[in-house]
Visitor: 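Take a look at this one; I'll ask things after.
Please read these numbers as outputs of a predicted model, since none were measured by experiment.
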Amino acid sequence: MTTTFITGANKSLGYETARRLIGAGHTVLVGARDRERGQAAADALGARFVQIDVTDDASVAAAAADIGAHEGAIDVLINNAGVFGSHLPADRLTAADASTVFEVNVVGIVRVTHAFLPLLRKAASPVIVNVSSGMGSFALTHDPERVEGRAIAPLYTASKAAVTMLTTQYAKSLPDVKVNAVDPGYTATDFNGHSGPQTVTEGTDAIVALATIGADGPTGTFSDRHGALAW
């Protein structure tokens with residue numbers, strides 16, 4: 001049985017990923033910062049809830065210890081937790097605004113990955129999936145035909161560019177772990193007031209695909225539901 005831990009799994013993409021992987025036979029651990037919402041999501045899914053705040057060292061360490069005590073190991077880690085951050089124009093953004101976004105979207109991945117690597121390394125074919133975005137792609141944000149080329153969100157886009165690079169560096173540094181980044185695409189979620197044209201099921205296609213690779217699967221890649229992306 002494949003055991004998968006997902007951060008930010010109480011709603012939207014994280015919740016749908018959990019639902020689909022449970023359907024595929026995974027034992028899914030629902031990670032969320034808010035205990036009430038996380039437990040409600042886990043109950044609805046038939047999963048186990050693990051409280052985690054990716055911005056807090058003690059919380060992340062406690063989550064890893066909890067899983068170590070109950071499941072003993074995990075096969076798949078999905079770093080899904082993320083925030084959009086301030087909607088202020090660029091000339092009004094502050095260092096505090098930047099810190100808020102990067103602390104969750106980038107530093108949070110480092111914090112969780114560091115804490116969970118010992119559990120992953122107990123698995124035969126460990127996998128990490130980092131949820132990035134085409135909004136962090138130089139190629140896509142310079143294409144006027146794409147929605148990424150028309151959106152302006154300095155902090156979110158910069159953080160997701162960092163996530164993708166972090167992924168490739170982890171892939172090179174951790175040859176015993178498959179590490180890939182995915183772009184869900186413009187999906188109807190709370191992030192965009194449910195304005196995206198994709199359903200959450202379509203938005204989780206790439207996440208599910210990379211979470212279910214085998215020992216011969218790819219590593220260091222960046223892709224969406226249609227395939228590899230330039231960035």
Visitor: For the residue pair Thr2 and Asp75, confirm or rule out a side-chain donor-acceptor distance under 3.5 Å.
Guide: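 Absent: no donor and acceptor within the cut-off.
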Visitor: Taking the side chain as everything from C-beta on, heavy atoms only, tell me whether His26 gets closer than 4.5 Å to Thr212.
Guide: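 Yes; the side chains approach each other to less than 4.5 Å.
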Visitor: As an exercise, state the distance from CD1 of Ile74 to CG of Leu120, rounded to the nearest 0.5 Å.
Guide: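 Going from the CD1 atom of Ile74 to the CG atom of Leu120 covers 4.0 Å.
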Visitor: Take atom CZ in Arg92; do more than 12 heavy atoms of anything else shown fall under 6.0 Å from it?
Guide: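 Atom CZ in Arg92 is not packed in, count stays at 12 or less.
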Visitor: How many angstroms lie between atom CG of Asp43 and atom CZ of Phe49, to the nearest 0.5 angstrom?
Guide: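 Asp43 atom CG to Phe49 atom CZ measures 10.0 Å (nearest 0.5 Å).
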Visitor: Cut-off 3.5 Å, side chains only: do Asp97 and Thr94 have a donor facing an acceptor?
Guide: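 Short answer, yes.
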Visitor: Got Pro184 and Val200 here, is their nearest side-chain heavy-atom distance under 4.5 Å?
Guide: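 No, side chains not in contact.
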Visitor: Is it the case that over 12 heavy atoms from other parts of the model lie below 6.0 angstrom from the CZ atom of Arg33?
Guide: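 Atom CZ in Arg33 is not crowded, with 12 or fewer foreign heavy atoms closer than 6.0 Å.
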Visitor: Should Leu117 and Val177 count as side-chain neighbours, where that means a heavy-atom distance under 4.5 Å?
Guide: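 A side-chain contact exists here, since the closest heavy-atom pair is under 4.5 Å.
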Visitor: Tell me whether Gln169 contacts the main-chain N or O of Leu166 through its side chain, where contact means a donor paired with an acceptor under 3.5 Å.
Guide: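 Checking the backbone N and O of Leu166 against the side chain of Gln169, no donor-acceptor pair under 3.5 Å is found.
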Visitor: Looking at OG1 of Thr221 and CD1 of Ile213, how far apart are the two atoms once the value is rounded to the nearest 0.5 Å?
Guide: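 Those atoms lie 7.5 Å apart.
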Visitor: Does Thr3 form a side chain to side chain donor-acceptor pair (under 3.5 Å) with Thr27? I'd like the steps, not just the answer.
Guide: CA-CA 5 Å; Thr3 301; Thr27 294; 4.7 Å; no
Visitor: Could you check whether any side-chain heavy atom of Val112 comes within less than 4.5 Å of a side-chain heavy atom of Leu77, counting everything from C-beta outward?
Guide: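 Heavy-atom side-chain distance check passes, below 4.5 Å.
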Visitor: Between Ser86 and Leu93, is the side-chain contact (heavy atoms from CB on, under 4.5 Å) condition met? List the steps.
Guide: CA-CA 8 Å; Ser86 175; Leu93 293 172; 3.7 Å; yes
Visitor: Do you know which of Val131, Val163, Thr7 makes side chain to side chain contact (heavy atoms under 4.5 Å, CB included) with Ile109?
Guide: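 Passing option: Val163.
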Visitor: With no hydrogens and no angle check, just 3.5 Å: does a side-chain donor-acceptor pair link Ser159 and Asn105?
Guide: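 Yes - a donor-acceptor pair under 3.5 Å links their side chains.
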Visitor: Do Glu148 and Ser137 pair up side chain to side chain, a donor and an acceptor below 3.5 Å, judged on atom types alone?
Guide: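 Distance-only check fails for Glu148 and Ser137.
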Visitor: Measure from the side-chain N and O atoms of Thr55 to the backbone N and O of Val104, and report whether any donor-acceptor pair falls under 3.5 Å.
Guide: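 Checked: no pair found.
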Visitor: Taking C-beta and beyond as the side chain, do Thr199 and Glu202 meet within less than 4.5 Å on heavy atoms?
Guide: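 Yes, side chains in contact.
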Visitor: Hey, does Tyr170 have a side-chain heavy atom less than 4.5 Å from the side chain of Thr167?
Guide: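 Sidechains of Tyr170 and Thr167: no contact.
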Visitor: Output, in order, the C-alpha distance, side-chain angles, deciding distance and verdict of side-chain contact (heavy atoms from CB on, under 4.5 Å) for Leu29 and Ile67.
Guide: CA-CA 9 Å; Leu29 306 172; Ile67 294 171; 3.7 Å; yes
Visitor: If I compare all heavy atoms of Leu155 with all of Phe102, which pair ends up nearest, and what's the gap?
Guide: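 In terms of heavy atoms, the two residues are closest at O-CE1, 3.9 Å.
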Visitor: Check which hydrophobic residues are tied to Met165 through side-chain heavy-atom contacts below 4.5 Å, counting indirect links as well, and list them.
Guide: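 Met165 shares its hydrophobic cluster with Leu140, Phe222, Leu229, Trp231.
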Visitor: Please check if the side chain of Lys178 supplies one atom and the backbone of Gly217 the other of a donor-acceptor pair under 3.5 Å.
Guide: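 Yes, Lys178 side chain to Gly217 backbone: donor-acceptor pair under 3.5 Å.
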Visitor: Is there side-chain contact between Ile78 and Ile207, with heavy atoms separated by less than 4.5 Å?
Guide: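 Counting from C-beta outward, Ile78 and Ile207 do come under 4.5 Å.
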Visitor: Between Glu103 and Arg111, is the closest basic N to carboxylate O distance under 4.0 Å?
Guide: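 Result for this pair is yes, salt bridge flagged.
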Visitor: If only side-chain N and O atoms count, and only distance matters, is there a donor-acceptor pair under 3.5 Å linking Thr201 with Arg20?
Guide: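 Checked: Arg20/Thr201 side chains show no N/O donor-acceptor pair below 3.5 Å.
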Visitor: Taking Ser132 for its side chain and Asp183 for its backbone only, find out whether a donor-acceptor pair lies under 3.5 Å.
Guide: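 No; judged by distance alone, with no hydrogens or angles, the pair does not exist.
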Visitor: Taking everything shown except Arg37 itself, do over 12 heavy atoms lie less than 6.0 Å from its CZ?
Guide: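 No - once you tally the heavy atoms of other residues, nucleotides and ligands closer than 6.0 Å, there are 12 at most.
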Visitor: With no hydrogens and no angle check, is any side-chain donor or acceptor of His142 less than 3.5 Å from a backbone partner on Phe138?
Guide: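 Yes, because the side chain of His142 sits within donor-acceptor range (under 3.5 Å) of the backbone of Phe138.
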Visitor: Val50 versus Arg48: any side-chain heavy-atom pair under 4.5 Å?
Guide: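 Yes, side chains in contact.
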Visitor: Could you tell me whether the side chain of Asn130 and the main chain of Asn79 form a donor-acceptor pair under 3.5 Å?
Guide: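 Not a single qualifying donor-acceptor pair exists.
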Visitor: Just verifying a value: how many Å separate Ile128 CD1 and Thr113 OG1, rounded to the nearest 0.5 Å?
Guide: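 OG1 of Thr113 is found 4.5 Å from CD1 of Ile128.
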Visitor: Please answer: with hydrophobic residues joined when any side-chain heavy atoms are less than 4.5 Å apart, are Val129 and Leu21 in the same cluster?
Guide: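 Result: yes, single cluster for both.
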Visitor: Can you measure from CZ (Phe84) to OG1 (Thr157) and round to the nearest 0.5 angstrom?
Guide: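 Phe84 CZ to Thr157 OG1: 8.0 Å, rounded to 0.5 Å.
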Visitor: Please find the pair of heavy atoms, one from Ala206 and one from Asp224, that lie closest to each other, and give the distance.
Guide: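 Heavy atoms of Ala206 and Asp224 come nearest at CB-C, 3.7 Å.
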